[in-house]
Amino acid sequence: AQKITQTQPGMFVQEKEAVTLDCTYDTSDQSYGLFWYKQPSSGEMIFLIYQGSYDEQNATEGRYSLNFQKARKSANLVISASQLGDSAMYFCAMREGWNTGKLIFGQGTTLQVKP
Amino acid sequence: EPEVTQTPSHQVTQMGQEVILRCVPISNHLYFYWYRQILGQKVEFLVSFYNNEISEKSEIFDDQFSVERPDGSNFTLKIRSTKLEDSAMYFCASMSGTGIYEQYFGPGTRLTVT
């Protein structure tokens with residue numbers, strides 16, 4: 001079974017609009033972490049935002065926010081005021097259990113921002 | 001700002017040859033990882049390393065793979081006898097072990113096996 005599911009292979013958004021990238025996860029652990037990474041066409045992986053399973057408030061980092069719905073096991077990334085430079089692949093990832101464990105990645109969503 | 005570096009950025013090798021991919025993690029980090037990404041696919045975990053030993057490895061990380069931290073700064077991934085299916089982008093990542101435990105990724109090494 002997929003641990004991390006990103007159901008949107010590709011998304012389009014108009015510049016300056018907000019966009020939500022979906023991520024659902026599957027774990028039986030009580031302690032876990034959820035991450036979003038951005039991968040531009042140049043290939044590097046850029047850390048965007050983190051949500052811990054025990055965090056009561058949704059994480060925010062500048063224009064990025066994470067809509068964490070624990071009961072639904074979803075951790076959607078919201079990008080506000082999209083910019084052309086936001087065009088990239090976005091990966092949701094989960095770390096189960098102990099804090100220093102491996103990351104499990106979803107398939108990714110390609111976001112294209114239109115001018 | 002400190003960053004993870006990887007060399008080379010692109011490596012072309014023939015099937016059956018040995019390759020060594022090099023990484024310099026962020027200097028005060030304690031946990032190190034290798035991941036790979038086959039073109040167009042998701043990022044997959046290979047191995048994690050802490051306190052000079054492997055802490056976890058995936059099914060992909062078979063006997064053909066090995067990791068080493070030969071000195072205080074470098075972290076290497078060796079593939080003894082490359083196969084065509086080893087062609088991928090290989091990412092090194094490091095983590096401090098405190099804070100929110102985010103893993104910082106290097107820019108990757110694109111390995112092409114011909």
Side-chain angles (χ1 to χ4, degrees), chain A residues 2-10 21 23 25 29 31-55 57-61 64 66 68 75 88-110, chain B residues 1-6 8-10 23 25-26 29-51 53-61 67 88-112:
Chain A
Q2 293 285 338
K3 293 271 190 178
I4 295 283
T5 302
Q6 295 181 253
T7 56
Q8 307 152 312
L21 306 184
C23 173
Y25 59 91
D29 283 1
S31 175
Y32 53 90
L34 297 157
F35 301 78
W36 279 91
Y37 284 84
K38 173 183 178 182
Q39 186 177 42
S41 57
S42 50
E44 72 267 32
M45 296 285 287
I46 303 167
F47 166 73
L48 294 178
I49 197 167
Y50 164 82
Q51 180 85 41
S53 58
Y54 294 115
D55 295 339
Q57 292 197 332
N58 287 341
T60 60
E61 196 70 50
Y64 304 107
L66 201 152
F68 181 46
M89 177 79 91
Y90 289 80
F91 289 98
C92 179
M94 177 175 66
R95 185 206 61 235
E96 290 180 301
W98 49 296
N99 288 329
T100 52
K102 64 179 185 282
L103 295 179
I104 303 164
F105 285 84
Q107 294 281 7
T109 295
T110 301
Chain B
E1 186 173 326
E3 57 183 21
V4 178
T5 60
Q6 289 185 245
S9 56
H10 191 191
C23 168
I26 294 173
H29 284 190
L30 301 176
Y31 298 85
F32 313 109
Y33 308 82
W34 283 100
Y35 293 84
R36 80 172 186 190
Q37 184 182 30
I38 294 171
L39 188 63
Q41 298 187 22
K42 66 180 177 181
V43 178
E44 300 174 290
F45 168 76
L46 291 178
V47 66
S48 57
F49 193 85
Y50 170 71
N51 200 25
E53 59 182 30
I54 290 173
S55 41
E56 188 176 0
K57 59 183 181 180
S58 72
E59 292 176 352
I60 303 166
F61 195 87
V67 288
M89 179 77 94
Y90 288 81
F91 291 103
C92 171
S94 71
M95 184 173 69
S96 67
T98 59
I100 67 170
Y101 300 96
E102 70 269 36
Q103 294 180 19
Y104 290 91
F105 281 70
T109 293
R110 179 160 297 286
L111 177 65
T112 302

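Letters go in sequence order (proteins before strands), and every chain restarts at 1. Computed from heavy atoms alone, side chains included, the values below leave out hydrogens, waters and symmetry copies.
- Heavy atoms closer than 4.5 Å to chain A are found in the side chain of Y35(B), but not in its backbone.
- Distance alone, capped at 3.5 Å, places no donor-acceptor pair between the T5(A) side chain and the T7(A) backbone.
- Contact annotation for Q39(A): only side-chain heavy atoms (C-beta onward) come within less than 4.5 Å of a heavy atom of chain B.
- When each of G108(A), S42(A), G106(A) is checked for heavy-atom pairs under 4.5 Å with chain B, G106(A) comes out on top.
- Interface remark: Q103(B) contributes backbone and side-chain atoms alike to the contact with chain A (heavy atom separation under 4.5 Å).
- Neither the backbone nor the side chain of E44(B) comes within less than 4.5 Å of any heavy atom of chain A.
- Ring geometry, Y32(A) versus F68(A): the interplanar angle exceeds 60°, so the pair is classed perpendicular (tilted spans 30 to 60°).
- Side-chain contact check for S48(B) and S55(B): at least one donor-acceptor pair (N or O, by modelled atom type) lies under 3.5 Å.
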Next item on the list: Quick one: do K3(A) and E96(A) satisfy salt bridge (charged side-chain N to carboxylate O under 4.0 Å, His left out)? Show the steps, please.
Entry: CA-CA 10 Å; K3(A) 293 271 190 178; E96(A) 290 180 301; 3.0 Å; yes
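- Remark: K38(A) fails to qualify as a cation-pi partner of Y90(A) under the 6.0 Å distance and 45° angle criteria applied to the six-membered ring.
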